[in-house]
Amino acid sequence: MKKAVFLDRDNTLIKDDGYIHEPEKVELLPTVPEGLKLLKKAGYLLIVVSNQSGIGRGYFEEKDFHAVNERLQELLKPHGVQIDDFFFCPHRPDENCNCRKPKTGMVEEAAKKWNIDLSKSFVIGDKEIDVMLAFNAGCKGGILVGSETFQDFLSAAKQILSLTEEK
Ligand SMILES: [Mg+2]
C-alpha cells in the first residue's frame, strides 16, 4: 500500500485572499516547492483535498478550480515536482455532504483510488478543520502550517519526515 500527504490548497500551497479562482493570481507560498520535494522523495503521494464552497455558492465554476490547479502545476514544474491528484468538495456547508472537510469523503475516495494506507499518511493545512480531518480519517497526524510551531510549509514537511523515521 502507498502512503500520502493530503494537502489543503488555499493558503497552504498557494496564496488566497478569498475564493481564489483566477489562474493568473496563483502564487506559490514560500518553501512550498522545497517541502513538496522532500515529501515526494520520502515516498509520499501528494494529494490535494480542497473545500471549494465557492462553487456551490455560485461565485465561480468547477472549471475555474481546475484552471487554478493547472497553474499550480505549471509553477511547480521548474522545481521538478507535481501534485499527484486533486480532490475537491464543491458543496456549501448547509448541503451537509460527506466530503466537506473535516469530513472524510475526499480522503476516503483518494485512499480507494490510490490504495493508500491512511495510518501511514498525513494532512497539512492552514485551518483547524485540516487537523480534524487527519484525526477523523485515522491518519498518522495533521500539521497546521502557518502556526507558531510550523511557520512555513518546509517546516511542516520536515515534521512529517521526523515522524516517518521514528517507529
Ligand atoms: Mg486553506
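Remember, it's 1-based here, ligands and their atoms both numbered in the order they're listed.
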Participant: For the Mg ion (ligand 1), which protein N/O/S atoms fall under 2.8 Å? Skip waters.
Facilitator: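 Listed by chain and number, the nearby protein N, O or S atoms are Asp8 OD2, Asp10 O, Asp126 OD1.
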Participant: Can you tell me how the ring of His21 sits relative to the ring of Phe60, calling it parallel under 30°, perpendicular over 60° and tilted otherwise?
Facilitator: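 Correct class here is parallel.
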Participant: So which of Asp85, Leu13, Thr12, Asp10 actually passes side chain to side chain contact (heavy atoms under 4.5 Å, CB included) with Val48?
Facilitator: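 Of the listed residues Asp85, Leu13, Thr12, Asp10, the side chain to side chain contact (heavy atoms under 4.5 Å, CB included) partner of Val48 is Leu13.
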Participant: May I ask you to say whether Asp16 pairs ionically with Arg9, meaning some side-chain N is under 4.0 Å from a carboxylate O?
Facilitator: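 Result for this pair is no, no salt bridge flagged.
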Participant: Thinking salt bridges, do Asp17 and Lys25 make one under a 4.0 Å N-O criterion?
Facilitator: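 No.
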Participant: Among Leu29, Val32, Ile20, Asn69, which one satisfies side chain to side chain contact (heavy atoms under 4.5 Å, CB included) with Ile14?
Facilitator: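 Between Ile14 and the candidates, side chain to side chain contact (heavy atoms under 4.5 Å, CB included) is satisfied uniquely by Ile20.
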Participant: In terms of side-chain geometry, is the basic nitrogen of Asp8 or Lys127 positioned less than 4.0 Å from the acidic oxygen of its partner?
Facilitator: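 Result for this pair is no, no salt bridge flagged.
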